[in-house]
Every structure is written in structure tokens, then in C-alpha cells.
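So the structure is just underneath, and the comments pick up after that.
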Amino acid sequence: MQTNGNNSDLQRAAIRPTSAPPVDVYENDDEILVVADMPGARSDSVTVKLEKDELYISSVRDGDTDGQLLAGGRRDCEYRRTFLIPRGVDPNGISAEMSQGVLKVHLPKTADVKPRVIQVKTVN
Amino acid sequence: MFGYLSDLERTFAAMDELRRRVERTVAGNSSSRADAFATDTAWPRTSVFENESGLTLVADVPGLRESDLELTLDQNVLTLGGERKLAVPEGHTVHRQERRGTRFQRQFTLPYKVNADAMSAELKDGVLTVKLPKAPEAQPRKIAVKVG
């Protein structure tokens with residue numbers, strides 16, 4: 001179910017606490033790569049959204065209670081994090097994959113910020 | 001490219017500061033549910049549940065495969081060990097690394113004997129679930145009262 005507006009966001013937050021997942025950020029010539037640990041989140045609960053220059057990632061973990069809790073600090077939560085994306089990312093080329101509770105978001109660079117090799121011509 | 005990199009760094013500094021402020025505000029409220037995330041810092045984060053049939057251990061092990069994990073049961077002590085190797089993707093530079101590679105071992109003393117033969121472990125979505133059924137001798141027993 002898609003939520004929109006502050007009201008439903010607040011309702012959702014009231015149900016589950018929010019957790020900021022640990023994130024790695026890598027870069028190469030072609031892309032920025034964001035990697036986030038979201039254990040227990042099903043891939044169908046993942047939202048990756050780019051709004052203007054903000055990248056928003058979120059997912060939900062729920063339903064892993066099995067009886068009475070004896071010990072431990074894990075609990076249902078909503079993973080959520082927002083990044084400001086620098087200029088030079090192609091918004092149409094963004095892709096994301098989820099595997100073993102790890103989310104990877106690929107942010108390809110636009111051609112104008114990629115490093116370019118300039119051919120040196122020999123002039124006689 | 002120089003300006004591009006520092007943009008990214010500034011972005012994170014600003015977002016981190018914002019997040020710290022929110023967390024401080026939330027942590028000030030002692031009844032907050034966010035506290036639960038702050039207290040248990042050992043990796044992997046685990047929980048133990050109990051129902052009529054036995055115990056369930058749940059551990060957050062994102063990115064790990066079966067071969068990275070080792071589970072052993074010795075009497076009533078369950079040991080979860082393993083290694084999380086994290087490598088920088090080929091040809092990439094690192095801007096930020098909050099995820100950690102680690103070698104870990106955690107031990108859990110179980111409150112009663114479990115049936116080792118019926119133990120099962122499953123890895124799904126980066127979560128390890130270990131089912132530890134109660135041993136028959138640990139099941140509650142009804143004693144009939146005889147009239148003498």
C-alpha cells in the first residue's frame with residue numbers, strides 16, 4: 001500500500017519504531033553505490049525513492065515474534081534513511097537490488113561528470 | 001571531480017547531524033521504544049523467544065551465507081559463531097563505511113535441555129532462525145494424586 005502525506009507517515013511511525021540502517025557508500029567512474037543492512041526486511045517492502053535531490057530508502061521488518069520474548073533487543077521496525085544526492089546522477093538509471101537482507105542501490109553518473117580521457121593527436 | 005566529492009561529504013555531514021539531533025531528542029524520553037536499539041550493541045543482534053514447544057533464537061546476520069555461520073550445541077550451551085567478510089567492490093573508492101566486517105562468537109545458556117536431534121536452523125532475508133524444541137524430559141509432567 002502506498003502512503004502519501006504526513007498523516008499516514010505518522011500513523012506508520014506509531015506502529016513501529018524507526019531504525020537507521022548502517023550504510024556503505026562507494027564510488028567508481030560510472031556510479032555511486034549505496035549498500036544498506038536491512039535484515040529481516042522482505043524485498044517487497046523496500047521503497048527506493050528519488051525526490052528532487054533526495055534519495056529515500058526504507059523497508060519494513062515485522063512478524064518475527066514467536067512466543068514470549070526472553071532476551072534480546074531485536075524488534076519489528078521500519079528501516080529508513082535519506083541522502084542528499086550530489087548533482088550528476090542520472091535519475092532514470094537508478095537501480096536497486098535486495099539480497100540476504102542487504103540493499104544495494106546503484107546511482108549511475110551522467111556523462112558530463114564521468115572522467116574523460118582526451119586523445120592526444122600528433123601534429124606534424 | 002574534486003568539487004563533486006566534497007559535495008557528497010558535505011551531504012553526509014549534514015544528514016548525520018540531523019539524525020544525531022533526532023536521536024538525542026528521542027533518547028531523552030526514557031520510555032521511548034528507540035531505546036531498545038541503543039542497548040544491545042553486540043553483533044549479531046539476537047533475540048530469544050519461548051513458546052510451549054521450546055525456544056527460538058533469532059539473529060540478524062545480513063549478507064551472510066550458511067557457510068559463514070557455525071552453530072554448536074554443547075549440553076545446554078548454544079554457540080553461534082562466524083565471520084562477516086566485507087570487501088570494497090572492485091574498482092570503487094570508499095566514501096563511508098558503517099557496515100563492519102567482523103569475526104564473532106556468542107554463547108547462550110539455555111534454561112532447559114533441548115532436543116538436539118530436532119534442532120533446526122534457517123537463513124532467510126539475512127535473519128538466522130534457530131528452533132530448539134524442548135527435550136521430552138524437560139516437558140512439564142502431571143502427577144496423578146492417589147487416594148491412600
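A note on names: the letters A, B, ... follow the listed sequences, proteins ahead of strands, and every chain is numbered from 1. Both backbone and side-chain heavy atoms feed into the values below; hydrogens, waters and symmetry mates do not.
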_Shorter than 4.5 Å, heavy atoms on both sides: which option in B:Pro111, B:Gly91, B:Ser53, B:Pro89 has the most such pairs with chain A?_
B:Pro89
*side chain to side chain contact (heavy atoms under 4.5 Å, CB included) between B:Asp125 and A:Arg61: does it pass, once the steps are laid out?*
CA-CA 10 Å; B:Asp125 293 335; A:Arg61 164 163 95 196; over 6 Å; no
*Pairing residues for A:Glu54 by the side chain to side chain donor-acceptor pair (under 3.5 Å) criterion, not counting sequence neighbours*: none
*Side chain, backbone, both or neither: which part of B:Leu57 has a non-hydrogen atom closer than 4.5 Å to chain A?*
neither
*Grab the two heavy atoms, one from B:Pro62 and one from A:Gly101, that are nearest each other, plus how far apart they are.*
CB-O, 3.8 Å
Under 3.5 Å donor-acceptor pairs involving side-chain atoms of residues 30-45 of chain A, not counting sequence neighbours:
{"from": "A:Glu31", "atom 1": "OE1", "to": "A:His106", "atom 2": "ND1", "distance (Å)": "2.8"}
{"from": "A:Glu31", "atom 1": "OE2", "to": "A:His106", "atom 2": "ND1", "distance (Å)": "3.4"}
{"from": "A:Glu31", "atom 1": "OE2", "to": "B:His92", "atom 2": "NE2", "distance (Å)": "3.2"}
{"from": "A:Asp37", "atom 1": "OD1", "to": "B:Arg84", "atom 2": "NH2", "distance (Å)": "2.9"}
{"from": "A:Asp37", "atom 1": "OD1", "to": "B:Arg99", "atom 2": "NE", "distance (Å)": "2.7"}
{"from": "A:Asp37", "atom 1": "OD1", "to": "B:Arg99", "atom 2": "NH2", "distance (Å)": "3.2"}
{"from": "A:Asp37", "atom 1": "OD2", "to": "B:Arg84", "atom 2": "NH1", "distance (Å)": "3.2"}
{"from": "A:Asp37", "atom 1": "OD2", "to": "B:Arg84", "atom 2": "NH2", "distance (Å)": "2.8"}
{"from": "A:Arg42", "atom 1": "NE", "to": "A:Asp44", "atom 2": "OD1", "distance (Å)": "3.2"}
{"from": "A:Arg42", "atom 1": "NH1", "to": "A:Asp62", "atom 2": "OD1", "distance (Å)": "3.4"}
{"from": "A:Ser45", "atom 1": "OG", "to": "A:Arg42", "atom 2": "O", "distance (Å)": "2.9"}
{"from": "A:Ser45", "atom 1": "OG", "to": "A:Val60", "atom 2": "N", "distance (Å)": "3.1"}
{"from": "A:Ser45", "atom 1": "OG", "to": "A:Val60", "atom 2": "O", "distance (Å)": "3.3"}

*Sub-3.5 Å donor-acceptor pair from the side chain of A:Asp24 to the main-chain atoms of B:Glu98, do we have one?*
yes
*Find the one option among A:Val23, A:Val102, A:Leu69 whose heavy-atom pairs under 4.5 Å with chain B are most numerous.*
A:Val23
*Taking every heavy-atom pair that is under 4.5 Å apart, which of B:Ser47, B:Gly126, B:Gly63 has the most such pairs with chain A?*
B:Ser47
*How far does CD of A:Gln68 sit from CD of B:Glu52, to the nearest 0.5 angstrom?*
10.5 Å
*Contact origin within B:Arg100 toward chain A - heavy atom pairs under 4.5 Å*: neither
_Neighbour count above 12 (heavy atom, 6.0 Å) for B:Glu83 CD_ = yes
*asked:* Please check if the number of heavy atoms outside B:Glu66 that lie under 6.0 Å from its CD is greater than 12.
replied: no
_Nearest non-hydrogen partners of B:Ala59 and A:Arg74, listed with the distance_ = C-NE, 4.3 Å
*Treat each ILVMFWY residue as a node, draw an edge where side-chain heavy atoms are under 4.5 Å apart, and state whether B:Tyr112 and B:Leu73 are in one component.*
yes
